[in-house]
**Q** 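Right, I'll just put the structure down here and ask away after.
For this chain, numbers begin at 1 and follow the sequence in order. Because the structure is a prediction, the values reported are computed rather than measured.
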Amino acid sequence: MDRPTLHMLCGKAASGKSTLAAGLGAKPGTVVLSEDVWLATLFGDQMHSLRDYARYSARLRNAVAPHVIDLLDAGLSVVLDFPANTRETRGWLRGIVEASDAEHVMHVLDVPDEVCKERLRRRNGAGEHPFSVTDEQFDLLATYFDPVGVDEGFTIRRHPSD
């Protein structure tokens, strides 16, 4: 039997992280945990700014980490649909990898900003995503984006733009 795998996702808003997560999660013995779904359910009415997102996302990561380790140790693979877009977040993920006996893959979605923004506009118009992101918010979030470095020690799988 294959060892369980922790799948992590690095890519800007609307780069395709959730779509990739759903595909990875379709494999038997795999669970997907989506930050957007959890944040919307637990804190949606309290999130009005990037500062709110940062605060509630950190709280969620603290609560989810032991559960993810338990799932991996129980033999399930986990797709964390949480943006691994900063070294801080990837440090949290590194802790999960080290605390479990799982394999890991950092999926990096390399999609141009204009493609992401067009996808955001379509997604916002459809109204099916828990959060809407404007072009201005995308630009602000993009200033925090820090690509994964080889020095971080992750097994990296790149997914170029279509």
Side-chain angles (χ1 to χ4, degrees), residues 1-44 47 50 52-112 115-116 119-120 123 128-131 133 138 141-162:
M1 180 177 164
D2 291 334
R3 285 177 48 203
T5 301
L6 175 63
H7 295 276
M8 302 160 288
L9 307 165
C10 180
K12 294 178 182 176
S15 61
K17 294 183 302 295
S18 294
T19 301
L20 178 59
L24 294 168
K27 295 179 183 174
T30 304
V31 175
V32 177
L33 298 177
S34 169
E35 179 186 58
D36 287 341
V37 171
W38 284 70
L39 287 176
T41 301
L42 295 171
F43 308 112
M47 290 183 42
L50 185 55
D52 292 338
Y53 165 76
R55 180 174 59 247
Y56 292 119
S57 178
R59 287 176 63 183
L60 181 60
R61 286 193 310 266
N62 288 337
V64 166
H67 181 60
V68 172
I69 294 165
D70 287 347
L71 291 170
L72 292 166
D73 288 346
L76 294 170
S77 288
V78 177
V79 180
L80 272 179
D81 188 5
F82 285 55
N85 293 346
T86 66
R87 281 190 178 259
E88 177 185 352
T89 302
R90 292 190 297 272
W92 167 71
L93 292 164
R94 167 64 49 208
I96 293 172
V97 169
E98 291 172 358
S100 70
D101 189 36
E103 297 289 331
H104 74 275
V105 178
M106 176 67 71
H107 297 271
V108 176
L109 293 94
D110 185 16
V111 179
V115 173
C116 292
R119 290 177 181 175
L120 277 172
R123 186 170 86 182
E128 296 173 359
H129 193 273
F131 300 105
V133 178
F138 175 90
L141 287 169
T143 65
Y144 293 94
F145 185 81
D146 184 15
V148 179
V150 293
D151 63 309
E152 294 179 76
F154 291 107
T155 301
I156 297 172
R157 183 173 304 151
R158 297 201 180 277
H159 300 265
S161 179
D162 297 339

**Q** Would you call Leu33 and Val31 a side-chain contact if the rule is heavy atoms closer than 4.5 Å?
**A** yes
**Q** Which pair of non-hydrogen atoms, one from Cys116 and one from Ala13, has the smallest distance, and what is that distance?
**A** CB-O, 3.2 Å
**Q** Pair Arg59, Phe43 - check side chain to side chain contact (heavy atoms under 4.5 Å, CB included), show working.
**A** CA-CA 10 Å; Arg59 287 176 63 183; Phe43 308 112; 4.1 Å; yes
**Q** Tell me the closest heavy-atom pair linking Asp73 and Ala99, and the distance in Å.
**A** OD2-O, 4.3 Å
**Q** Distance-only, no hydrogens or angles: does the Arg158 side chain make a donor-acceptor pair with backbone N or O of Leu109 under 3.5 Å?
**A**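 Side chain of Arg158 to backbone of Leu109: no pair is present.
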**Q** Test Arg87 against Asp151 for side chain to side chain contact (heavy atoms under 4.5 Å, CB included), laying out the working first.
**A** CA-CA 11 Å; Arg87 281 190 178 259; Asp151 63 309; 3.1 Å; yes
**Q** Is there a donor-acceptor contact under 3.5 Å linking the side chains of Glu35 and Tyr53?
**A**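 Yes, side-chain donor-acceptor contact under 3.5 Å.
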**Q** Quick one: does Trp92's side chain have a donor or acceptor within less than 3.5 Å of a partner on Arg61's backbone?
**A** yes
**Q** Closer than 3.5 angstrom, by distance alone: can the side chain of Arg90 be matched with the main-chain N or O of Ala84 as a donor-acceptor pair?
**A**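 Judged by distance alone, yes, a pair lies under 3.5 Å.
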**Q** Under the side-chain hydrogen bond (donor to acceptor under 3.5 Å, both in side chains) criterion, do Ser18 and Asp81 qualify, and how do the steps go?
**A** CA-CA 6 Å; Ser18 294; Asp81 188 5; 2.6 Å; yes
**Q** Considering all heavy atoms of both residues, which atom of Met106 and which atom of Cys10 are nearest to each other, and what is their separation?
**A**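 Closest heavy-atom pair between Met106 and Cys10: SD-CB, 4.0 Å.
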**Q** Could you give me the CA-CA distance, side-chain angles and deciding distance for Asp36 and Lys17, then say whether salt bridge (charged side-chain N to carboxylate O under 4.0 Å, His left out) is met?
**A** CA-CA 11 Å; Asp36 287 341; Lys17 294 183 302 295; over 6 Å; no
**Q** Test your reading of the model: is there a side-chain donor-acceptor pair from Glu152 to the backbone of Gly149, 3.5 Å cut-off?
**A**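 Between the backbone of Gly149 and the side chain of Glu152 there is a qualifying donor-acceptor contact (under 3.5 Å).
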**Q** When you measure from the side chain of Arg94 to the backbone of Gly153, do you find a donor-acceptor pair of N or O atoms at a distance under 3.5 Å?
**A**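 Checking the backbone N and O of Gly153 against the side chain of Arg94, a donor-acceptor pair under 3.5 Å is found.
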**Q** If you measure from CG on Leu80 to OG1 on Thr89, what distance do you get to the nearest 0.5 Å?
**A** 11.0 Å
**Q** Looking at every non-hydrogen atom in both residues, tell me the closest pair between Gly25 and Val32 and how far apart they are.
**A** CA-CG2, 3.4 Å
**Q** CZ/Phe145 to CG/Asn85 distance, rounded to the nearest 0.5 angstrom?
**A**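 Spacing of CZ (Phe145) from CG (Asn85) equals 5.0 Å.
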**Q** Is any side-chain heavy atom of Phe138 closer than 4.5 Å to a side-chain heavy atom of Leu120?
**A**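 Yes, their side chains come closer than 4.5 Å.
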**Q** Return yes if some donor-acceptor pair links the side-chain N/O of Lys12 with the main-chain N/O of Ala142 below 3.5 Å, else return no.
**A** no
**Q** To the nearest 0.5 Å, what is the distance between CG on Leu93 and CZ on Phe154?
**A** 6.0 Å
**Q** Quick check for you: to the nearest 0.5 Å, what is the distance between Thr30 atom OG1 and Leu24 atom CG?
**A**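 Reported to 0.5 Å precision, the distance equals 8.0 Å.
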**Q** Check the pair Met47 / Leu39 against side chain to side chain contact (heavy atoms under 4.5 Å, CB included), numbers first and verdict last.
**A** CA-CA 9 Å; Met47 290 183 42; Leu39 287 176; 4.0 Å; yes
**Q** Between the side chain of Ser77 and the main-chain N/O of Thr5, is any donor-acceptor distance below 3.5 Å?
**A** yes
**Q** Passes side chain to side chain contact (heavy atoms under 4.5 Å, CB included), Thr143 versus Leu141? Steps please.
**A** CA-CA 5 Å; Thr143 65; Leu141 287 169; over 6 Å; no
**Q** Say you draw a straight line from CG of Leu9 to CZ of Phe82; how long is it, rounded to the nearest 0.5 Å?
**A** 10.5 Å
**Q** To the nearest 0.5 Å, what is the distance between NE2 on His107 and CZ on Arg157?
**A** 5.0 Å
**Q** Do you know which two heavy atoms are closest between Thr155 and His104, and how far apart they sit?
**A**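 Of all heavy-atom pairs spanning Thr155 and His104, the closest is N-NE2, 2.9 Å.
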